[in-house]
Amino acid sequence: MKPIDNDLTPFYRHATEHASVGIHAVNAQGQTIIYNDKMKEIEGLNLKDVIDRSILELFQFEQEESTLLQVLQTGEKVLNVKQTYWNHNGQEITTINDTFPVFENDALIGAIEFARDITTLEKLVYQPLRRYGEPITFSSITAVSAPMKAVIQTAEKAAIARLPVLLIGESGTGKDLIAEGIHHNLDPVNQHFITIFCQRSDSAILEKLYESTNSLQNCTIFCERIEFLSLTLQEKLLQLLEENHMKNHMFIASIGGDPIDLIASGQLLKELYYFFASVTINVPPLHLRREDIKPFIENFLKRHRQRFGSNIQALSSEVNELFHLYDWPGNLKELEILLEEIVSMVTTEELITFEMLPLHFKWKVQALRDSSHDASYFVVQNTKELLPLDEYLREAEEYYLQKALNMYEGNITKTANALGMSRQNLQYRIRKMKK
């Protein structure tokens, strides 16, 4: 058996280096032993930067936030986790990770993480309609669900009022699209739309903003994820905004979570929040507006047919069901990246079938068919076979927690208060649900 393993080593090495996902493996001490080219591309590091160094030395996050360290401590896999952090160069990174323990002879010898990048596309202002050369207006944004219709209505009022706007929502929900929609709905119109990607230690951001506000007469400036700036830079940003507040500029900012939580944790300057808080718009995650999934896909496929002359028309019923069961932690951006990956391989197909889904996505949805239950599932009936008590309680808890999270639009603090538990306890239970 040993000679066969040795013969396969070049193939394993080739597969690792040419994989489309980042791969980072550490030993039991947290030291890096595998760090492939895709992970280098995602995190902007080289193997020599990470070899023999603990991941806590490399990235600015708390120990409990590292999925690799979590898996090393628990010996249990952690799937489908969205993670935003900063590397040692102060660069923001956002990935969706699947992390697994590695055992040999029943002993835990390390952990391995597979990361799908959603940062690179975000940094390149990757937007669903921009590639087609169209301005992004409210009419071109998918808004079939009631929550998204409410978002558009509030955004239209914000454009009329021309007051500073704060967009609140997870990565990939389309906050950038709403910002540009506001820009194109202004009357009188602004000539320029400028996106400022905020990073913790990059003072050049403020220099660009200062230059734009002074050299241009009327522009819309969208400051994306202002909580990623250091508090010192947030103070300077606030001063710059207040100095230009009475000009013809339109200021829009976004944050990725509850502003009260961000202020309490020291990530967001209270006065900067007040500057933008006159108009706040919460953009809900995709799993809370599943009605938008189908029309978004239909619009995507229509544009693909027009641009490339393909025959692709729709999803098969099986794939459609899976897409509506999946939680989409990367939101619309994750859905579009997945669709891009699928249609890049189509030839004459008219339907997207399960066989056409990428392997990494099949892994994520393989348990969904058996795990989706409605309330009637938990009612004990004479004609129904009883579950083991532990399994019943676990599934009932997951159902109840998901309903509570949906009720409060995914807000951890409000949900925890309603359930009479701490935020940490709720977050721990949510992580258990995802395993």
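All residue numbers in this chain count up from 1 along the given sequence. Predicted model only: the values in this text are computed from it and were never measured.
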Please identify each residue that fulfils side-chain contact (heavy atoms from CB on, under 4.5 Å) with K149, with sequence neighbours left out.
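If we apply the side-chain contact (heavy atoms from CB on, under 4.5 Å) test to K149, skipping adjacent residues, there are no hits.
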Any donor-acceptor pair under 3.5 Å linking the side chain of [X] with the backbone of [Y]?
X    : Y    : value
T74  : E76  : yes
H14  : P10  : no
E298 : Q313 : no

What pair of heavy atoms forms the shortest contact from I178 to F138, and how long is it?
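Heavy atoms of I178 and F138 come nearest at O-CE2, 4.1 Å.
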Salt bridge (Lys or Arg N to Asp or Glu O under 4.0 Å) against K38, all qualifying residues, sequence neighbours excluded
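Salt bridge (Lys or Arg N to Asp or Glu O under 4.0 Å) check on K38 returns E41.
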Students often mix this up, so state it plainly: with edges at 30° and 60°, are the rings of F323 and W328 parallel, tilted or perpendicular?
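The arrangement is perpendicular - the two ring planes meet at more than 60°.
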OH/Y400: more than 12 non-hydrogen atoms of other groups inside 6.0 Å
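12 or below, so no.
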Give a yes or no on this: more than 12 heavy atoms of other residues, nucleotides or ligands lie within 6.0 Å of atom CD of Q217.
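Check fails, neighbour count at 12 or below.
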Validation: residues 248-261 side-chain donor-acceptor distances under 3.5 Å, sequence neighbours left out:
unit_1 : atom_1 : unit_2 : atom_2 : d
H249   : ND1    : C219   : N      : 3.2
H249   : NE2    : T213   : O      : 3.0
S254   : OG     : R225   : N      : 2.9
D258   : OD1    : I260   : N      : 2.8
D258   : OD1    : D261   : N      : 3.1
D258   : OD2    : N411   : ND2    : 2.6
D261   : OD1    : T413   : OG1    : 2.7
D261   : OD2    : T413   : OG1    : 2.5

Less than 6.0 angstrom from the centroid, inside 45 degrees of the normal: does K40 satisfy that with respect to the ring of Y35?
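K40 over Y35 ring: no.
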For T95 and N97, which I'm curious about, is there any donor-acceptor pair between the side chains at under 3.5 Å?
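The answer is yes; a qualifying pair exists.
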pair T220-H192: side-chain heavy atoms closer than 4.5 Å
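Sidechains of H192 and T220: no contact.
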E341 with R116: basic N within carboxylate O range, under 4.0 Å:
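Looking at R116 together with E341, the answer is yes, because their closest N to O distance falls below 4.0 Å.
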